[in-house]
Q: 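Handing you this structure, nothing more for now.
So you know, we letter chains A, B, ... as the sequences are listed, proteins then strands, and number each from 1.
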Amino acid sequence: MSKAIIKASELGKYYQVGNIKTQVFNSLSFAVEEGEFVSIVGPSGAGKTTLLNTIGLLEKFQSGRLQVAGADVATMKDQQLSQLRNQYIGFIFQNFNLLPEMTVLDNVMLPLEIAGVSSAIAKEKAVYQLERMGLKGRMDHKHFLLSGGQQQRVAIARALISEPKVILADEPTGNLNSQMAMEIMKLLKEINAEGTTILMVTHDEHLSQLATRQIMLSDGNIIESQQQELASCG
Amino acid sequence: MRLGSLVNNLKSQSLISALVILLIATGLGAFGTTYSVYHVMSSNPMSYAEHTTRYVLLDDWSPDKEFDFSPPLLSYQDAKQLAALNEMGKSALTYDSKLVSQVPDSPYIYEFTARATTPDFFSIFTIPFRYGNAWSMQDEHDETEVVVLSQQANAQLFNGINSVGKTLMLDNRPYTVVGVLFEFSMTPKIYDLHVAPYSDIEGVFIPFSTAVKNSVLPHGRLLGWRNEPLSGFQDVFNTTMIWLQLWVSFDSGAQMQAYEQRVAGYANALHQSGRMLRGQDKFRLLTPSQWLRENEVVNSDSQFLLFLAIVFLLICLLCVAGLLFASYASRQHALNVYRAIGASKQYLIKLLLAELSVLTALGCLLGVIFIAIGLSYMELLYGSSYAQVANMNVVPVMLAVATCFIGVFLASALPIGKCCNADGLTVQR
């Protein structure tokens, strides 16, 4: 029996600006098992990205409990949260978020550099990931010289270099055409097949069908969480 | 974190990085130049002798308000008597002059600044000898024509060889060289504060008694308030006109106390005889630092300039802080990406501090060049007499650099703190 890698219990979060309090989600409870591919869907403003950032330990929550890789994150200090994020979580963003001052190789090496891994080992691992993404020949380029699909593959290589347990993908195909989007989805499926848990926020109904489970959010509440048949990536 | 990453980050903000470097360099250049000059001016070259050496003063000046100042020198008779009272310690009776110098049979004639003094002068001011020694007390007593040369004078007159025993004509009188000094400087020249406190040391040194015998005229001040007619320099010796310095040094506090009592006795006797009209207690034994303060070696202009330079440095640092705010604000997104891939706040602070260290180091390097240019310009502006002051000294420059480093890091505390503690460290999708 697989165990939960992410477990949220009555998770609540709001933003407060002055006297105005905006509840993003209230009392969310769910669990994600190791090796799952979960899509989070819902209308715009439903709190999908905020939920992903909260799970990714980038945003704080005000109530409830959140466990990531068995650790209760509510009481953890910034240093511990950052370490957890660095070692267990990989992020993939819609607009790739690669750093323009760095080469493709440097971008991919960055998480290991932050973790204090030696340059030689970081480079070896980065080259391996880029080779896997079919980008070994572009590693000395600046990312803006690459196509959108290639840039997203660089971002995936960066997310994978620390060999994380969980990949959090926020609209990973949002900036790509349909062909490239399917390529990226295929890649994510492969990564998932290797045992990495994936949580993906998407508003694309078709792409969400590719996940093994779908969590539907509306007004900060889970209105549906269903297991689904595996669909093919084209 | 790798140096390559740091350089990449700085290159991505090349304009701001260049401005930060330039601001640091300009601030340091102005502050360092002014502070360097101030440091040299305000230094006490005799600090090691603060407890053992004294400058002797008697106030035999007029009680009238129009003469409202403390006489800084001694008359010949008083100076001789006060020097003689120091039986156990050392005494340096001294005045400055100028002497025309010529090596016999040489066509070259030089005019050197000269100092007439007693032999203890060299040990009181710890002036080192390269060849030979100071003249003896016997030479002083016998009014012998002997001379000690500075290294520069020896180089000019004798091509730098050991000239001890050679003859030198000074104002057409033959003197025998008994010593040659090592290269030596004293800034400020504490025994010459009235004439040229920042000049090189004198070229020639001759016995005080010989100078008096040969009527070597003082180049400095000759002051008096009583109506004492003079028909020639020899008349000065019997007047109360002041023109001599007396420095005394002691081996122990007891010696100093004993000397002070003798000086008090001498002052009392003068008062009884109708001199020292301002009071018999108007005598002073000043420490070197008191003598420097008395002469206002660091004048108010220098202090004000230093104040302005500090204000300018602060303005530069404020501008640096402003640029850092702008820089970090424009990089907030990139820094959020760092956070997303596992960088802690501590890591970001280290990263930004490392970047700032590189900028500050480059700024300080350029600033030191600016200091060198500033000091050279000051020497050009004020002439060679300012050379000692406008010299690039390691201590004040390093202190200025350290001040600048600390200033930059204090100025960066708010921008870095605000940037790394920004709420909502979320990354744009």
Side-chain angles (χ1 to χ4, degrees), chain A residues 15 48-50 52-54 56-60 77-103 105-116 118-119 122-123 142 155 158-159 161-162 164 168-172 174-175 201, chain B residues 1-21 323-324 326-356 358-359 416-429:
Chain A
Y15 292 115
K48 304 186 294 290
T49 296
T50 305
L52 204 69
N53 285 335
T54 307
L57 315 177
L58 286 172
E59 291 202 43
K60 289 178 179 167
K77 304 270 184 214
D78 178 70
Q79 185 78 24
Q80 296 166 305
L81 291 173
S82 302
Q83 200 172 354
L84 193 63
R85 195 161 55 236
N86 183 262
Q87 289 175 358
Y88 289 92
I89 300 169
F91 269 98
I92 301 170
F93 304 97
Q94 180 179 347
N95 71 348
F96 326 127
N97 280 327
L98 299 170
L99 299 177
E101 63 271 16
M102 293 182 176
T103 62
L105 180 67
D106 288 338
N107 264 291
V108 177
M109 286 168 66
L110 194 56
L112 292 185
E113 191 183 311
I114 290 168
S118 77
S119 286
K123 186 173 180 182
K142 290 289 170 73
R158 182 179 67 185
I161 194 165
S162 300
L168 302 178
D170 194 357
E171 301 278 8
N175 275 0
V201 163
Chain B
M1 81 198 50
R2 291 181 306 130
L3 185 64
S5 302
L6 287 184
V7 174
N8 278 334
N9 291 347
L10 295 174
K11 271 163 67 179
S12 72
Q13 302 267 308
S14 52
L15 182 63
I16 290 183
S17 297
L19 284 172
V20 167
I21 290 170
L323 282 173
L324 292 178
S327 165
Y328 298 155
S330 72
R331 286 175 62 193
Q332 192 69 61
H333 174 70
L335 295 172
N336 288 350
V337 173
Y338 270 82
R339 292 282 279 147
I341 58 180
S344 62
K345 288 177 185 175
Q346 203 182 352
Y347 181 90
L348 288 189
I349 290 169
K350 278 186 194 168
L351 176 76
L352 298 180
L353 284 178
E355 288 175 18
L356 192 60
V358 174
L359 293 182
I416 288 179
K418 200 167 166 61
C419 164
C420 295
N421 279 310
D423 286 332
L425 276 171
T426 52
V427 184
Q428 188 193 345
R429 288 195 301 194

Q: Would you say Lys142(A) has more than 12 foreign heavy atoms packed within less than 6.0 Å of its NZ?
A: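 Yes.
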
Q: Could you list which of residues 84-92 of chain A have a heavy atom closer than 4.5 Å to any heavy atom of chain B, in residue-number order?
A: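 Answer by number: Arg85(A), Asn86(A), Phe91(A).
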
Q: At their closest point, which heavy atom of Leu58(A) faces which heavy atom of Ala340(B), and how far apart are they?
A: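 Closest heavy-atom pair between Leu58(A) and Ala340(B): CD2-CA, 3.7 Å.
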
Q: Roughly how far, to the nearest 0.5 Å, is the CD1 atom of Ile114(A) from the NZ atom of Lys350(B)?
A: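 Spacing of NZ (Lys350(B)) from CD1 (Ile114(A)) equals 12.5 Å.
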
Q: Would you name the heavy atoms of Ala343(B) and Ser82(A) that are closest together and state the gap between them?
A: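 The answer is O-OG, 3.6 Å.
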
Q: When you compare the side chain of Glu101(A) with that of Leu10(B), does any pair of heavy atoms fall below 4.5 Å?
A: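 Not touching, per the 4.5 Å side-chain cut-off.
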
Q: Using 0.5 Å steps for rounding, measure from the CD1 atom of Ile341(B) to the CG atom of Asn107(A).
A: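 Ile341(B) atom CD1 to Asn107(A) atom CG measures 8.0 Å (nearest 0.5 Å).
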
Q: Any chance you could measure His333(B), atom NE2, to Leu99(A), atom CG, to the nearest 0.5 Å?
A: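 Interatomic distance, His333(B) NE2 to Leu99(A) CG, rounded to 0.5 Å: 7.5 Å.
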
Q: Can you tell me how far CD of Glu113(A) sits from OH of Tyr338(B), rounded to the nearest 0.5 angstrom?
A: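 Answer rounded to 0.5 Å: 6.5 Å.
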
Q: Sequence neighbours left out, what passes side chain to side chain donor-acceptor pair (under 3.5 Å) with Ser344(B)? Give chain and number order.
A: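 Scan of Ser344(B) (side chain to side chain donor-acceptor pair (under 3.5 Å), adjacent residues dropped) gives Gln79(A).
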
Q: Give me the atom names and distance for the closest heavy-atom approach of Asp78(A) to Gln346(B).
A: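 Shortest heavy-atom separation between Asp78(A) and Gln346(B) comes out as OD2-N, 4.4 Å.
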
